[in-house]
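Please read the structure below before turning to the comments.
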Amino acid sequence: MSDGVRLIVFGRQGAGKGTQCARLAEHYGVPHVSTGDMLRAAVRDGTEFGRKAKEYMDAGKLLPDDIMVGLVAERLAQHDARGGWLLDGYPRTAGQAEALAAVTGDAPFDLAVNLEVPEAVVIDRISSRRVCAKEGHIYSVHQPPAVPGVCDICGGEVVLREDDTEAAIRERLALYSEQTAPLIEWFETRGKLVTVDGDAPPDTVTKALVTAIDERIS
Ligand code: AMP
């Protein structure tokens with residue numbers, strides 16, 4: 001495939017970004033490149049890089065831009081991303097946005113999607129979120145797996161994500177307002193932004209996303 005979509009998805013932590021990105025990636029047949037998932041995989045693998053990344057993540061801090069630029073550039077250069085990709089969690093800072101051209105190489109992104117959910121709603125969502133420790137499938141205390149604590153899909157243990165503690169959540173939301181929210185303007189001034197209301201049932205949000213994306217890139 002050579003003409004798939006190249007999407008960047010933004011949203012506050014807890015906006016439903018992980019769920020919606022997985023659905024969009026499947027719908028458009030492109031890999032879901034989540035920097036958070038990549039970093040958590042490195043932490044699980046126990047590499048030197050993973051140990052370093054964990055320090056930042058546990059503190060609710062962002063990793064340095066140069067590290068993230070290298071990580072994402074390497075991922076998007078892989079074979080499965082040649083026909084398109086969905087980037088989730090990057091860029092997070094002005095420096096990462098400025099480096100976007102270097103990261104995407106000779107096939108630039110088509111559109112940035114802002115999944116908008118009010119802060120009060122996401123605080124409630126994050127504190128009830130539970131995640132499969134094996135493959136990252138997402139649940140909540142309101143929608144638990146059929147067998148308590150066991151992932152329906154892969155059998156992994158379903159747990160509270162380590163950085164979903166209250167202090168880390170507050171730090172991450174503050175960081176989002178300070179560093180990531182201004183990026184939305186960066187994409188808007190380039191005429192590359194579409195905003196979708198994420199404060200609705202998941203299926204409604206997915207339909208709204210696909211409609212908004214298709215309108216802009218087809
Ligand atoms: P996420 O799952 O997207 O919320 O990411 C979890 C954590 O990984 C963040 O709180 C950061 O510590 C780190 N992280 C993910 N993406 C980036 C990025 N683009 N730049 C810096 N740090 C990141």
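Counting starts at 1 for both ligands and their atoms, following the listed order. Throughout, numbering of the chain's residues begins at 1 and tracks the sequence.
- Distance from atom 20 (N) of ligand 1 to its nearest protein heavy atom, with residue and atom name: Q96 NE2, 2.9 Å.
- Not a single donor-acceptor pair under 3.5 Å links the side chain of D45 to the backbone N or O of T47.
- Nearest heavy-atom pair across D65 and G95 is OD2-CA, 3.5 Å.
- Under a 4.5 Å side-chain heavy-atom criterion applied to ILVMFWY residues, the cluster that includes V122 comprises V117, V121, I123, I126, I169, L173 as well.
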*asked:* Between R23 and T206, does the side-chain hydrogen bond (donor to acceptor under 3.5 Å, both in side chains) criterion hold? Intermediate values first, please.
replied: CA-CA 7 Å; R23 290 181 178 190; T206 307; 2.8 Å; yes
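- In this structure, P202 and Q20 approach most closely via the heavy-atom pair O-NE2, 3.1 Å.
- When only non-hydrogen protein atoms are considered, atom 6 (C) of ligand 1 lies nearest to R40 NH1, 3.6 Å.
- Remark: minimum distance from atom 12 (O) of ligand 1 to any protein heavy atom is reached at K61 O, 2.6 Å.
- Looking at atom 21 (C) of ligand 1, its nearest protein heavy atom turns out to be L63 N, 3.2 Å.
- For R12, the heavy-atom gap to ligand 1 stays at 4.0 angstrom or more.
- For R40, the salt bridge (charged side-chain N to carboxylate O under 4.0 Å, His left out) criterion is met by D37, not counting sequence neighbours.
- Proximity to L62 (heavy-atom distance under 4.0 Å) selects the following atoms of ligand 1: 21 (C), 22 (N).
- Taking atom 5 (O) of ligand 1 as the reference point, the nearest protein heavy-atom neighbour is R92 NH2, 3.2 Å.
- A cation-pi contact, defined as under 6.0 Å to the ring centre and within 45° of the axis, is absent between K17 and F10.
- Ranking the protein heavy atoms by distance from atom 19 (N) of ligand 1 puts G89 O, 2.8 Å first.
- Counting heavy atoms closer than 4.0 Å to ligand 1, residue L39 contributes side-chain atoms (C-beta onward) but none from N, CA, C or O.
- Ranked by closest heavy atom to atom 17 (C) of ligand 1, the top entry among Q179, M68, Q13 is M68.
- The closest protein non-hydrogen atom to atom 16 (N) of ligand 1 is T35 OG1, 2.8 Å.
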*Any chance you could lay out the salt bridge (charged side-chain N to carboxylate O under 4.0 Å, His left out) test for K134 and E157, step after step, and finish with the verdict?*
CA-CA 7 Å; K134 195 170 162 203; E157 192 187 357; over 6 Å; no
